[in-house]
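Each remark here refers to the structure printed beneath this line.
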Amino acid sequence: MKLPPFEYACPAELSEAVALLAAHNGEAKLIAGGQSLVPMLAFRLAAPALLVDLRKLPELRKIEISGNGVVLGSMVRWCDILADARLHAAQPLLTAAVGHVAHYQIRNRGTIGGSIAHADPAAEMPGIVLTCEAEIATVGTAGPRVIKAADFFLGPLMTVLEPDEIIVDIRFPAWPAQRRWGFQEFARRRGDFAMAAAAVFYDVDGAGKAHNAHIGAIGVGDRPVRLTAAEAEVNGKVVDVTVSEHTGVAASAAVDPQGDIHASGAYRKSLIGTMVERALLSAGAMKVA
Ligand SMILES: Cc1cc2nc3c(=O)[nH]c(=O)nc-3n(C[C@H](O)[C@H](O)[C@H](O)COP(=O)(O)OP(=O)(O)OC[C@H]3O[C@@H](n4cnc5c(N)ncnc54)[C@H](O)[C@@H]3O)c2cc1C
């Protein structure tokens, strides 16, 4: 389908992009990779008067890795993440999840900032930023702000972003070298959105017991969720087959997903338990060097 008509701007300054959004009073939209927005335009689910293209803003493409963690500019694409060997070591859960995002062509254009702003409940990255307790740095006419991932998502395709606010970068806390982690996803075909996915990590003390467990669930609610009851099953224990199984049961019990054309709510509820259990089993074997 042809796109609806719109004006187009491609500013060379971030401040100009903010000013354009503000001047259009909610009638302008940013375009990053266009992999979610262009289909929305084609289906007439969005009809902005102006598209503001972010591609000429190199400061949005930075990848910074330091002892404090990783900072990814909002225009960093999925293919940039997958191609950067340093990121696989610095944030292995992040890169494992990106491996499940869409297909080759889409990964060449789609960006991390676009995915987070789009806030699809079945998308991998909102779940990863939530699980990793990342922060989202933005700028708007009210100035810069830093938003915790836990406060960012409001529902399907809904976030706390103001109409004149731009995601500048996403900040992931440092990842200890010995951390155990796992990512498991079930989709109809590889590259499709998740029917359900689990992102898991925990640290291990000298006695081999887990602490600081983080378990995030994707595709089983109107936004990604941390499963604190399941995390409590892991903390203080040696994570073995039995603990993994019990944690999967707790994960299932903690969610109440809706059914849709892809799967019933009951199927998704069961599936997330299996994903969490498998993620924990793989975490035990995947000790990051
Ligand atoms: C066939 C297909 C399969 C896909 N499969 C998956 C999948 O399995 N998993 C998955 O996660 N995604 C999937 N996607 C979506 C893809 O990952 C998108 O690239 C991504 O969701 C959005 O990124 P984008 O850069 O293309 O954003 P755009 O489409 O350009 O923008 C999306 C939204 O974010 C806003 N936006 C963009 N950048 C910013 C910013 N810096 N600050 C504030 N707002 C901003 C835009 O205004 C728009 O509302 C798929 C897409 C397609 C077409």
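For ligands, and for the atoms within them, numbers begin at 1 and follow the listed sequence. Below, each value reflects all heavy atoms present in this structure, side chains not excepted, and no hydrogens, waters or symmetry copies. This chain uses plain numbering: 1 for the first residue, then up along the sequence.
Other residues, nucleotides and ligands contribute at most 12 non-hydrogen atoms within 6.0 Å of the CZ atom of Arg278.
In terms of polar-atom proximity, defined here as any N/O pair under 3.5 Å, Arg109 makes no such contact with ligand 1. Looking at ligand 1, you won't find any N or O of Ala117 less than 3.5 Å from one of its N or O atoms. Every N/O-N/O distance between Leu54 and ligand 1 stays at or above 3.5 Å. Considering backbone and side-chain N/O atoms, Ile166 never comes within less than 3.5 Å of an N/O atom of ligand 1. Distances between N or O atoms of Trp78 and those of ligand 1 include at least one value under 3.5 Å. Residue Pro39 places no N or O, backbone or side chain, under 3.5 Å from any N or O of ligand 1. Looking at ligand 1, you won't find any N or O of Val101 less than 3.5 Å from one of its N or O atoms. Backbone and side-chain nitrogen or oxygen atoms of Gly113 are examined, and none is located within less than 3.5 angstrom of a nitrogen or oxygen of ligand 1. Considering backbone and side-chain N/O atoms, Ser36 comes within less than 3.5 Å of an N/O atom of ligand 1.
A salt bridge is absent between Lys56 and Glu13; no separation between the charged side-chain nitrogens and carboxylate oxygens falls under 4.0 Å. Under 4.0 Å is where a charged nitrogen must lie from a carboxylate oxygen, and between Lys148 and Glu133 no such pair does. Using a 4.0 Å cut-off between a side-chain N of Lys or Arg and a carboxylate O of Asp or Glu, Asp260 and Arg268 qualify as a salt bridge. Under a 4.0 Å N-O distance rule, the pair Asp203/Arg180 does not qualify as a salt bridge. For the pair Arg190 and Asp192, the salt-bridge criterion is not met [side-chain N within less than 4.0 Å of a carboxylate O].
The protein non-hydrogen atom at the shortest distance from atom 28 (P) of ligand 1 is Gly34 N, 3.4 Å. Here the protein heavy atom with the shortest distance to atom 5 (N) of ligand 1 is Ala102 CB, 3.3 Å. The closest protein non-hydrogen atom to atom 1 (C) of ligand 1 is Ile106 CD1, 3.3 Å. With respect to atom 38 (N) of ligand 1, the closest heavy atom belonging to the protein is Ala32 CB, 3.5 Å. Of the protein's non-hydrogen atoms, the one nearest atom 32 (C) of ligand 1 is Gly114 O, 3.8 Å. The nearest heavy-atom contact from the protein to atom 41 (N) of ligand 1 is Ile167 O, 3.1 Å.
Here Ser74 has side-chain heavy atoms under 4.0 Å from ligand 1, and that is the only part of it that gets that close. Here Asp192 has backbone heavy atoms under 4.0 Å from ligand 1, and that is the only part of it that gets that close.
When atom types are taken as modelled, the side chain of Thr111 and the backbone of Val76 share no donor-acceptor pair closer than 3.5 angstrom.
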Quiz prompt | CA sep, side-chain torsions, deciding dist, call: Ile81, Leu72, side chain to side chain contact (heavy atoms under 4.5 Å, CB included) | solution = CA-CA 9 Å; Ile81 294 173; Leu72 296 177; 4.1 Å; yes
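Ligand-side atoms of ligand 1 in range of Gln35: 18 (C), 19 (O), 26 (O), 29 (O), 51 (C), 53 (C), range being under 4.0 angstrom from any heavy atom.
Within the 4.5 Å cutoff, the side chain of Thr274 has no heavy atoms near those of the Phe186 side chain.
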